[in-house]
Amino acid sequence: MSEKLAMILESGTTDKLMAASILAAGAAAMGKEVTVFLTFGGLNAFRKGAENAPMVMPDEFAGMEAQMAQIMQAKQVPHWLKNFKDAKEIGEVHLYACGATMDMFDLKKEDLEPLVEEVVGVATFIQKSEGAQTVFI
Amino acid sequence: MSEKLAMILESGTTDKLMAASILAAGAAAMGKEVTVFLTFGGLNAFRKGAENAPMVMPDEFAGMEAQMAQIMQAKQVPHWLKNFKDAKEIGEVHLYACGATMDMFDLKKEDLEPLVEEVVGVATFIQKSEGAQTVFI
Amino acid sequence: MSEKLAMILESGTTDKLMAASILAAGAAAMGKEVTVFLTFGGLNAFRKGAENAPMVMPDEFAGMEAQMAQIMQAKQVPHWLKNFKDAKEIGEVHLYACGATMDMFDLKKEDLEPLVEEVVGVATFIQKSEGAQTVFI
């Protein structure tokens with residue numbers, strides 16, 4: 001049994017962030033170590049103030065942002081950032097920012113949500129994901 | 001050798017549904033146990049009548065829906081739902097619906113294609129995917 | 001420790017191609033065997049002349065193609081095709097084209113970048129990915 005889950009979170013649409021956060025929280029609750037590598041759109045979504053950023057829907061729900069926001073409010077679906085926070089409180093969950101993306105977007109560590117622990121390169125992530133079930137989101 | 005393939009099918013664009021169905025059928029034909037967790041767009045695509053729903057293309061093929069539909073008809077490419085049906089006949093393939101998505105979209109089990117066996121939570125999927133090669137689509 | 005990384009590269013947006021190429025190069029540099037299965041949009045992106053094809057951004061960066069191209073030029077970010085070339089020089093990296101996609105798009109092997117070694121079916125890819133960390137991009 002794999003005790004580790006690793007994810008490369010590359011997409012910044014709300015549905016993917018939500019799926020990643022629920023998966024991270026679920027795995028953490030089951031005692032797995034979770035390593036998240038935030039890159040490109042996934043990292044961009046973790047800029048400070050993430051909780052107030054507008055929703056972005058993928059192709060098959062294009063133009064349905066307002067409707068989705070309404071549903072999620074009515075159903076009291078927690079924000080994906082809240083899920084990641086909970087995941088870190090429940091278990092061993094680590095979030096890393098991709099160094100190359102930081103450089104490309106001229107981002108500094110203090111521009112990101114404090115949930116993000118460290119800026120690392122892809123080699124470090126590959127090492128940390130050894131023996132893990134690894135998903136690309 | 002891993003005897004199991006697990007997939008989280010989160011996307012509802014036609015190309016991703018097609019890729020997932022071909023992968024499921026291929027793995028089943030090679031004797032692997034396949035577990036599919038349908039969530040968000042991936043689950044939405046399994047509403048009853050899936051075979052007659054319009055195609056949705058991803059960004060890099062935006063606006064090419066009609067052309068793609070024509071090609072697939074000319075080449076007699078089977079519908080992705082047909083591939084999943086075949087996969088279940090060939091081998092051990094299980095499709096589960098994500099409970100949180102069901103609730104969010106106010107879906108009931110009977111609203112879905114009968115291919116979907118059961119509504120489960122993310123914890124159940126994580127358990128079922130133990131030891132599996134796991135992909136997020 | 002898994003000595004192998006396998007990826008199904010299905011998406012053809014520039015960010016996903018870039019992420020896949022960096023992951024392939026990173027894994028190759030760390031001594032892993034890398035197997036890439038190019039399908040649908042991912043294969044379409046490997047048509048000859050890939051280096052001069054226009055950028056395609058995903059939903060959350062829609063309309064930002066020109067700005068991204070400018071940033072990547074200013075930061076001297078290498079083209080994803082260059083990364084794959086480097087990956088092949090560094091280590092054991094194999095790129096395969098999906099036979100079903102070749103047929104659907106009426107593509108011949110000579111229509112593709114020479115980096116692509118062979119046209120194979122999904123069963124061959126599944127065999128080659130045995131025991132690998134497998135990601136779907």
Side-chain angles (χ1 to χ4, degrees), chain A residues 2 4-17 35 37-47 50 53-65 68 98-107 120-137, chain C residues 1-11 13-32 34 36 41-42 55-64 67-78 80 83 87 90-91 129 131-137:
Chain A
S2 176
K4 293 164 69 183
L5 173 70
M7 47 175 102
I8 299 167
L9 179 43
E10 194 269 348
S11 300
T13 56
T14 308
D15 61 307
K16 298 286 193 305
L17 293 160
T35 303
F37 185 63
L38 302 167
T39 186
F40 203 65
L43 179 56
N44 196 53
F46 273 82
R47 284 172 191 260
M55 290 185 69
V56 185
M57 282 289 112
D59 303 296
E60 68 268 36
F61 295 98
M64 289 177 63
E65 279 78 7
M68 284 303 303
C98 164
T101 304
M102 296 293 283
D103 182 51
M104 203 169 81
F105 290 152
D106 279 325
L107 284 168
V120 304
V122 70
T124 302
F125 169 74
I126 292 173
Q127 279 173 331
K128 287 183 188 291
S129 72
E130 276 306 340
Q133 279 182 310
T134 306
V135 292
F136 183 101
I137 299 183
Chain C
M1 155 164 166
S2 176
E3 302 291 353
K4 294 164 68 183
L5 173 70
M7 46 174 104
I8 300 166
L9 179 42
E10 194 269 350
S11 299
T13 56
T14 308
D15 62 306
K16 298 286 195 302
L17 293 161
M18 183 66 75
S21 73
I22 291 171
L23 195 58
M30 292 171 78
K32 297 202 182 213
V34 181
V36 184
M55 292 184 68
V56 185
M57 283 290 111
D59 303 296
E60 68 267 36
F61 295 98
M64 290 177 62
Q67 194 183 334
M68 283 304 302
Q70 218 169 14
I71 289 174
M72 291 175 76
Q73 199 173 9
K75 299 276 179 185
Q76 299 185 294
V77 178
W80 55 265
N83 290 339
I90 295 165
S129 72
Q133 278 182 310
T134 306
V135 292
F136 183 100
I137 299 182

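Lettering follows sequence order; numbering is per chain, from 1.
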With a 4.5 angstrom heavy-atom cut-off, could you sort out which part of [X] is near chain A: side chain, backbone, both or neither?
X	answer
C:I71	side chain
C:M72	side chain
C:L23	both
C:A19	side chain
C:F61	side chain
C:M57	side chain

Give, as side chain, backbone, both or neither, the part of [X] having an atom under 4.5 angstrom from any heavy atom of chain C.
X	result
A:T14	neither
A:S11	both
A:Q127	both
A:N44	side chain
A:T134	both

Could you have a look at [options] and say which one has the most heavy-atom pairs with chain C under 4.5 angstrom?
options	result
A:D103, A:V135, A:T101	A:D103
A:I8, A:T13, A:I126, A:D106	A:I126
A:V122, A:V56, A:I137, A:D59	A:D59

Rounded distance [0.5 Å steps], [atom1] in [X] versus [atom2] in [Y]:
X	Y	atom1	atom2	result
A:F105	C:K75	CZ	NZ	10.5 Å
C:E60	A:F40	CD	CZ	7.5 Å
C:K32	A:E130	NZ	CD	3.5 Å

In this structure, are over 12 heavy atoms from other groups packed under 6.0 Å from C:Q70 atom CD? no

